[in-house]
Novice: 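Have a look at the structure that comes next, please.
Lettering follows sequence order; numbering is per chain, from 1. Only a predicted model underlies this, so the values are computations on that prediction, with no experimental measurement involved.
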Amino acid sequence: MASRYNFKESESKWQTQWAEADCFGVTEDPKRPKYYVLDMFPYPSGRIHMGHVRNYTLGDVVARYKRAQGFNVLHPMGWDAFGLPAENAAMERGIHPAAWTFDNIAIMRDQLKGMGLAIDWKRELATCHSGYYQHQQALFLEFLKHDLVYRREAWVNWDPVDHTVLANEQVIDGRGWRSGAEVEKRKLAQWFFRITEFSDDLLKALESLERWPDKVRLMQQKWIGRSEGARVYFPVCGRDEKLEVYTTRPDTLFGASFCALSANHPLAGEIGAKDPAAAAFIAECNKLGTSEEAITRAEKKGYDTGIKVRHPLDETWELPLYIANFVLMDYGTGAIFGCPAHDQRDLDFARKYELPVTPVILPPGHEVAAFSIQDEAYVGPGTAINSRFLDGLEVDAAKSQVIARLGDLGAGQGTVQFRLRDWGASRQRYWGCPIPIIHCQACGVVPVPSDSLPVTLPEDVSFDQPGNPLDHHPTWKMVDCPSCGGPAQRDTDTMDTFVDSSWYFARFCAARSDQPLDRAAVDYWLPVDQYVGGIEHAVLHLLYSRFFTRALQRMGYLDVEEPFDGLFTQGMVCHETYQGADGRWLTPGDIHAGDDGGLVGPDGGVVTRGRSEKMSKSKKNTIDPALIIETYGADTARWFMLSDSPPDRDMDWTESGVEGAFRFLQRLWRQVDERIDSLPPAGAALPSNLSTGAQSLRQAVHKTIAAFTGDLDQFRFNRAVARVYELSNSLAAFRPEDENDKWVEREALESLVQMAGPMVPHLAEELWHKLGQTGLLVEQAWPVADSSLIVDETVMLAVQVNGKKRALIECARDLPEGDVEAQALADQAVRRAMEGKPARKVIVVKNRIVNVVV
RNA sequence: GCGGGUGUGGCGGAAUUGGUAGACGCGCCAGACUCAAAAUCUGGUUCCCGUAAGGGAGUGGGGGUUCGAUUCCCUCCACCCGCACCA
């Protein structure tokens with residue numbers, strides 16, 4: 001009687017053995033090729049969710065596979081542990097953020113260990129630990145020394161209820177995500193990382209990231225947003241001042257009919273100071289929501305300042321100067337010239353304020369006299385008209401001509417403009433890395449001396465009033481100036497948590513070093529060979545990390561430009577959604593099948609089945625991985641994660657799918673269990689005289705090894721899983737004819753177990769030992785296919801007549817074309833389909849297909 | 001609005017990158033085992049006509065290139081994602 005696989009016993013047993021043998025602990029070894037596999041480290045929110053399970057299963061397959069291939073594999077884990085939820089927990093439940101965070105880490109660490117991940121836990125780190133952030137503070141001061149971080153006044157999103165700055169991502173439809181208050185724009189002194197120093201580099205190097213998804217590269221490219229154009233200076237009438245404007249269309253300069261300032265432009269501020277109506281308009285602009293709809297719905301509005309500016313190429317030509325709500329302070333110079341004929345916004349604005357619309361670019365095939373602008377601006381190519389010395393030139397030629405002329409006159413020059421802005425990293429929060437700066441009335445900004453690091457967070461803080469707890473703390477910020485000894489104050493802001501995650505991959509190389517980075521270790525391990533995580537970090541985290549790596553290289557901390565050589569972005573884990581009659585979301589655990597085949601809720605009410613969506617608390621369609629692991633085991637969860645859906649696509653979590661995965665693992669166990677007593681011993685030599693059935697099973701084994709290996713290399717895990725099923729099916733159908741044949745059964749079973757190893761490591765380890773092997777499977781080299789076995793001697797060729805398949809013929813591999821053609825034409829079904837007509841043409845594709853054209 | 005992606009049986013998906021469409025799994029159907037159920041095993045399962053042999057249609061719709069198209073081109077539709085007043 002076949003017994004069953006006891007996953008509970010087995011999983012904890014092997015986890016213990018791997019840990020005791022320190023299988024996954026690594027050190028630098030220059031003699032061996034290294035492979036650094038990194039999974040995006042989790043935020044310790046409380047418990048692991050299915051997204052983590054998918055992410056870490058994918059990374060673990062790579063880590064274990066590369067390890068079996070002989071690489072020295074670094075696969076670490078840590079905690080992205082600073083952030084708002086900890087402060088929210090403190091406010092809502094009165095738990096200290098540190099206690100909440102460390103409790104969560106303890107729970108989640110156990111959960112991850114229960115997944116059987118091949119991780120070097122000795123390198124574990126948490127960004128909220130002073131042992132980590134002290135080095136971050138040291139790096140910050142290095143950045144400051146190298147002028148890669150600086151302080152300036154900046155417009156920020158201000159939540160007037162919570163008294164704090166919000167990141168752009170925390171502003172939803174113009175309102176603070178927590179308070180719901182309308183966000184205002186305020187000017188505050190903030191620390192900025194000089195990411196724009198590397199704009200060009202960051203953009204150009206995207207091309208070299210061949211093992212990144214195109215999608216991510218494209219998103220970063222758009223985000224960096226390089227454009228070529230010109231700075232143009234418009235003299236302001238009655239002032240000894242010039243208005244600087246950025247444009248990508250200097251060729252349309254003679255079509256200008258106005259200039260416009262952003263409401264936050266310094267000149268607008270000056271004007272507002274004297275002109276109450278202007279001030280009111282500016283205030284209105286600043287209140288305007290930043291949400292999508294607010295922007296698309298907002299009417300183009302302007303305020304005529306009454307001031308005139310002179311055209312840079314004609315001092316007799318005066319243009320009105322407006323303050324306009326659609327001009328962004330963040331882009332270019334915060335001021336534009338308007339050319340209504342060739343820009344839709346400018347056209348809308350010109351129509352509203354009855355400004356002239358002069359076409360200066362003539363579309364190909366049009367006559368000057370017959371061409372005019374109606375409701376749509378013309379943005380296409382053409383030749384310059386109404387443009388004096390530019391007339392007749394194509395757009396590109398006109399651009400370079402006008403830039404040359406502007407240069408001669410000192411009225412402008414060609415420039416490259418980026419959309420990317422410096423990274424504002426100050427946060428008015430408690431649970432983050434303190435900025436190691438002291439503000440002294442006498443000395444100004446003074447860095448905290450390195451021997452005074454770390455600047456640790458005070459533990460006795462209260463969250464009972466809005467705003468920054470560090471600022472409210474009675475004593476923490478009060479210090480003596482390190483420079484003059486006078487009374488001074490600490491910077492009470494903390495760093496954006498994206499700073500924490502911008503260098504953790506490098507810290508993992510020597511996680512206990514007393515320096516931020518250990519040069520020998522980073523030189524050995526970096527770059528990360530395979531990074532695995534969600535697409536949601538396509539821009540922010542992945543761009544910041546690329547910037548940090550460049551900055552660290554410049555400062556001599558490491559010598560790579562790109563942190564992540566290969567990037568894989570996994571899809572989301574989805575589940576069906578359920579709603580009760582009252583419209584409330586119901587959790588899958590409360591749903592069961594009714595008698596009539598429909599779904600019934602907890603109270604017996606009717607349940608509507610909704611579309612499958614990303615698992616989320618709000619839709620209540622989450623499945624707790626802990627429950628799955630408890631019921632089916634970690635290997636089942638891992639196996640199901642890898643089956644069916646390609647890893648980069650969203651997948652559906654279904655109960656029946658999990659059960660299917662569980663069934664297969666049990667079947668694999670049975671296949672070994674039922675045969676083990678009659679198998680030859682482990683290590684026995686290949687016998688001669690195998691039956692044809694055994695020979696073809698051997699072929700199947702080696703073909704599978706070759707294909708499976710290729711699939712793993714390409715992240716095609718779902719296909720790799722299917723190949724294991726196929727081989728398992730072949731083995732199940734196999735009947736050995738004699739003792740020799742049983743050698744092949746052993747070979748098939750051992751190969752199956754080895755291939756399954758990276759995916760379902762506990763079961764595979766168990767079976768490996770059941771098969772009589774003595775060492776650990778994780779120490780076993782990856783199987784290699786015998787190339788002489790993966791080529792068939794005969795092939796099945798499809799024969800088409802006029803493109804329709806009519807027959808299958810079996811031929812010797814590489815049979816000459818003439819022989820193949822003869823065999824095809826002799827086939828009964830082919831002849832019937834040809835209806836006695838002669839073949840006009842016969843196409844033979846070697847070892848693949850024959851097409852007869854009649 | 002701009003950019004990108006996806007679309008194949010009841011479902012998840014496969015198809016050697018222009019060469020036998022539907023591998024593998026889920027589900028379903030039938031059978032075996034069982035007093036029975038579960039588990040397991042065997043067979044079947046794109047649709048239509050046909051008892052069958054066989055035939056026809058078929059990869060979101062329409063058109064094209066080709067001996068041959070899920071794959072390439074044009075066009076339309078649906079859904080998803082990213083960016084969004086970027087001058």
Novice: Tell me whether the side-chain N/O atoms of A:R806 come closer than 4.0 Å to OP1 or OP2 in B:U20.
Specialist: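 So the side-chain polar atoms of A:R806 never come under 4.0 Å of the phosphate oxygens OP1 or OP2 of B:U20.
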Novice: Ion pair present between A:D792 and A:K703, side-chain N to carboxylate O less than 4.0 angstrom?
Specialist: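 Yes, charged N to carboxylate O under 4.0 Å.
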Novice: Any side-chain donor-acceptor pair under 3.5 Å between A:N729 and A:R667?
Specialist: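 A:N729 vs A:R667: donor-acceptor pair found between side chains.
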Novice: With a 4.0 Å cutoff (strictly under), does any side-chain N or O of A:R848 reach OP1 or OP2 of B:G68?
Specialist: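 Looking at the OP1 and OP2 atoms of B:G68, neither is under 4.0 Å from any side-chain N or O of A:R848.
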Novice: Please find out if less than 6.0 Å separates the ring center of A:Y632 from that of A:F7.
Specialist: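 Ring-ring flag for A:Y632/A:F7: false, centres at least 6.0 Å apart.
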Novice: For this output row, return yes or no: ring centroids of A:F640 and A:F662 closer than 6.0 angstrom.
Specialist: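 That pair fails the under 6.0 Å test.
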Novice: Using the P atom as the reference point in each nucleotide, state the distance between B:A14 and B:C24 in Å, no decimals.
Specialist: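 Per the computed distance, 14 Å lies between those P atoms.
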Novice: With a 3.5 Å cut-off and heavy atoms only, can you find an N or O donor on one side and an acceptor on the other between the side chain of A:K222 and the base of B:C2?
Specialist: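 By the distance-only test, no, there is no pair.
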Novice: About how many Å separate OG1 of A:T333 and OH of A:Y246, when rounded to the nearest 0.5 Å?
Specialist: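 Reported value, rounded in 0.5 Å steps: 10.0 Å.
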Novice: Please give the distance between the P atoms of B:G12 and B:U51 as a whole number of Å.
Specialist: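 It works out to 33 Å between them.
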Novice: Can you check the distance between B:G5 and B:C29, where both ends of the measurement are the C1' atom (answer in whole Å)?
Specialist: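 Straight-line distance between the two C1' atoms is 38 Å.
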Novice: Looking for any heavy atom pair under 4.0 Å, which part of the strands does A:E726 touch: base, sugar-phosphate only, or nothing?
Specialist: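 Since only primed, P, OP1 and OP2 atoms lie under 4.0 Å of A:E726, the category is sugar-phosphate.
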Novice: Sticking with atom C1', work out how far B:G7 lies from B:A32, rounded to a whole angstrom.
Specialist: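 To the nearest whole Å, 41 Å.
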Novice: Does a nitrogen or oxygen in the side chain of A:R611 sit under 4.0 Å from OP1 or OP2 of B:C80?
Specialist: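 Looking at the OP1 and OP2 atoms of B:C80, one of them is under 4.0 Å from a side-chain N or O of A:R611.
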Novice: What is the nucleic acid contact for A:V845, judged by heavy atoms within less than 4.0 Å: base, sugar-phosphate only, or nothing?
Specialist: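 Counting heavy atoms under 4.0 Å across all strands, the contact made by A:V845 includes a base.
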Novice: OP1, OP2 of B:C26 versus side-chain N and O of A:R663: anything below 4.0 Å?
Specialist: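 Looking at the OP1 and OP2 atoms of B:C26, one of them is under 4.0 Å from a side-chain N or O of A:R663.
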Novice: When you measure from the side-chain N and O atoms of A:N802 to the phosphate of B:G68, is any distance below 4.0 Å, counting only OP1 and OP2?
Specialist: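 For A:N802, the contact criterion (side-chain N or O under 4.0 Å from OP1 or OP2 of B:G68) is not met.
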Novice: Tell me whether the side-chain N/O atoms of A:Y331 come closer than 4.0 Å to OP1 or OP2 in B:A87.
Specialist: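 For A:Y331, the contact criterion (side-chain N or O under 4.0 Å from OP1 or OP2 of B:A87) is met.
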Novice: Please tell me if A:K804 has a side-chain N or O lying less than 4.0 Å from either OP1 or OP2 of B:A57.
Specialist: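 Yes.
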Novice: Is there a side-chain polar atom (N or O) of A:N847 under 4.0 Å from OP1 or OP2 of B:U16?
Specialist: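 No, because none of the side-chain N or O atoms of A:N847 sits under 4.0 Å from OP1 or OP2 of B:U16.
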Novice: Which whole number of Å gives the distance between the C1' atom of B:G19 and that of B:U66?
Specialist: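 12 Å, rounded to whole Å.
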Novice: Taking the six-membered ring of A:W223 as reference, does the cationic atom of A:R419 (NZ for Lys, CZ for Arg) lie under 6.0 Å from its centre and within 45° of its axis?
Specialist: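 Satisfied, under 6.0 Å and within 45°.
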Novice: Would you indicate, yes or no, if B:C80 has its OP1 or OP2 atom less than 4.0 angstrom from a side-chain nitrogen or oxygen of A:R649?
Specialist: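 No.
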Novice: Whom does B:C2 pair with, Watson-Crick or G-U wobble, provided both distances fall under 3.5 Å?
Specialist: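 Answer to the pairing question: B:G82, which forms a Watson-Crick or G-U pair with B:C2.
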Novice: With rounding to whole Å, what would you report as the distance between B:C85 and B:A69 at their C1' atoms?
Specialist: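 The same atom, C1', in both gives a distance of 44 Å.
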Novice: Scan A:M796 against the nucleic acid and name what it touches under 4.0 Å (heavy atoms): base, sugar-phosphate only, or nothing.
Specialist: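 A:M796: base contact, heavy atoms under 4.0 Å.
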Novice: What is the base-pairing partner of B:G31, counting Watson-Crick and G-U wobble geometry with both distances under 3.5 Å?
Specialist: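 Checking every strand shown, B:G31 finds its partner in B:C41, with both distances under 3.5 Å.
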